[in-house]
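A quick write-up on the structure given underneath.
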Protein chains: 2
Amino acid sequence: MTSRLEALCMEKGLKMTGQRRVISQVLSEADDHPDVEEVHRRAAQIDPRISIATVYRTMRLLEDAQVIERVDLGDGRARYEEATADHHHHLIDTRTGRIIEFASPELEAMKERIARELGYKIVGHRLEIYGVPLDEADDDARDEEKRP
Amino acid sequence: MTSRLEALCMEKGLKMTGQRRVISQVLSEADDHPDVEEVHRRAAQIDPRISIATVYRTMRLLEDAQVIERVDLGDGRARYEEATADHHHHLIDTRTGRIIEFASPELEAMKERIARELGYKIVGHRLEIYGVPLDEADDDARDEEKRP
DNA sequence: CTGGGATTGCGAACGGTTTTCAGTATGATG
DNA sequence: CATCATACTGAAAACCGTTCGCAATCCCAG
Ligand SMILES: [Mn+2]
Ligand SMILES: [Mn+2]
Ligand SMILES: [Zn+2]
Ligand SMILES: [Zn+2]
């Protein structure tokens, strides 16, 4: 069956090759934020003769076509997720690497207001929060108390 | 004369070499967000035999010592600025590359609240806004009207 | 002054990404 | 359904910012 992303690609008039079909499927089934190597790993499980170069090329193609979005989480590599109607940001658990998505209309509005006050119209923005679970953060505080 | 950053380095007990003095001076005099190559270019004007490897090493040293801060503006390389008491973010003019600094306690508070609601304590965060001047943005809008 | 650990310059190595190029597959056309 | 121009692919090389290994040099506590 054709995946969500494959359908989207056809709508956009992209030439559908076997490789693109496989990569589209992988990305449609993903509910995380895989990097290129991870996409390649998953794609290779479906068709082992897909090269990493093709994955790189396809990710760029899909990004330019606005089918997927690049996510920069501060580790050296690009991560990706399916493009969605609803905009969101990421909170990264620095202990586990777990990624929590969140959206905040108030925050978006505030950001918009700040730009306007500076005389600018926003064309893009980036926000990530790095954090540790509140209970484990307590542990940290206790640790520091013991070593002043 | 010893630069602000050189004094700071000595306070922190870092061994002061000629190269570190020059790089400290360059960074003290900078009021922008230079990348490593730019710092090297400026340092080489003072002492042409400073190598880029030493600049890389020194930037990391100063960053670890919290004397400077790394700024990630989304172009592939690391940029730096003197560490200041007051935290701020950057609005990048995508037309000119100009960087405007701004701070917003409300925004920081909101971000803090969002993390708390998700059960997290913030240990770091990143926010950049990319924009175009409001008047030029008007031009864009007009352009699009003419080509619907 | 001096000795020895820290620092430097150079070039090689690195990791993620892009490009080159010759061979292959796609899908529009007849 | 066969043909064919064209776009795409795999493999390897190039790229780019950054780090590393090593021998030579420098700092500074004694
Ligand atoms: Mn996401
Ligand atoms: Mn700044
Ligand atoms: Zn947002
Ligand atoms: Zn902030």
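Below, all heavy atoms of this structure are taken into account, side chains as well, without hydrogens, waters or symmetry copies. In what follows, chains carry the letters A, B, and so on, assigned in the order in which the sequence lines appear, proteins first and then strands, with residues in each chain numbered from 1.
Residue Gln19(B) has a polar side-chain atom (N or O) positioned under 4.0 Å from OP1 or OP2 of dG9(C). Taking side-chain N and O atoms only, Thr54(B) has a distance below 4.0 Å to OP1 or OP2 of dG9(C). Using a 4.0 Å cut-off, no side-chain N or O of Tyr56(B) falls inside it from OP1 or OP2 of dT19(D). Between Arg79(A) and the phosphate of dG16(C), there is no side-chain N or O to OP1/OP2 separation shorter than 4.0 Å. Contact between the side-chain N/O atoms of Arg20(B) and the OP1/OP2 oxygens of dT7(C) is found at a separation under 4.0 Å. At the phosphate of dA7(D), neither OP1 nor OP2 sits under 4.0 Å from any side-chain N or O atom of Thr17(A).
If you take CG of Asp75(A) and P of dC14(C), they are 21 Å apart, rounded to a whole angstrom. Distance, Leu14(A) CG to dA28(C) P: 13 Å, rounded to whole Å. Protein atom CZ of Arg70(B) is 14 Å distant from nucleotide atom P of dG17(D), rounded to whole Å. In this structure, Met16(A) places its CE atom 17 Å from P of dA7(D), rounding to the nearest Å. Per the geometry, CZ belonging to Arg21(B) stands 11 Å off P belonging to dT8(C), to the nearest Å. Between Met59(A) atom CE and dT9(D) atom P the separation is 14 Å, expressed in whole Å. Note: CZ (Arg77(B)) to C1' (dG16(C)) measures 16 Å, nearest angstrom. Residue Arg60(A) contributes atom CZ, which lies 15 Å from atom C1' of dT9(D) at whole-angstrom precision.
Checking His89(B) against Glu108(B) by side-chain atom types alone, a donor-acceptor pair falls below 3.5 Å. In this model, no donor atom of one side chain and acceptor atom of the other lie less than 3.5 Å apart for His87(B) and Glu69(B).
Among the atoms of the strands shown, only primed sugar atoms or phosphate atoms (P, OP1, OP2) are found under 4.0 Å from some heavy atom of Ile50(B).
When distances run from any side-chain atom of Arg49(B) to the nucleotides dT26(C), dG9(C), dT7(C), the shortest one goes to dG9(C).
The existence of a salt bridge linking Arg116(B) and Glu112(B) is excluded, since no basic side-chain nitrogen approaches an acidic carboxylate oxygen closer than 4.0 Å. Between Asp75(A) and Arg77(A), at least one side-chain nitrogen of the basic residue sits less than 4.0 Å from a carboxylate oxygen of the acidic one, meeting the salt-bridge criterion.
Each of Lys15(B) and Ala53(B) was assigned the nucleotide of DNA chain D with the nearest heavy atom; the assignment lying further toward the 5' end belongs to Ala53(B).
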field: Audit row: His90(A), Glu128(A), side-chain hydrogen bond (donor to acceptor under 3.5 Å, both in side chains) steps and yes/no
entry: CA-CA 5 Å; His90(A) 301 100; Glu128(A) 294 113 44; over 6 Å; no
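Remark: the Arg57(A) side chain and the dT20(C) base include a donor-acceptor N/O pair separated by less than 3.5 Å.
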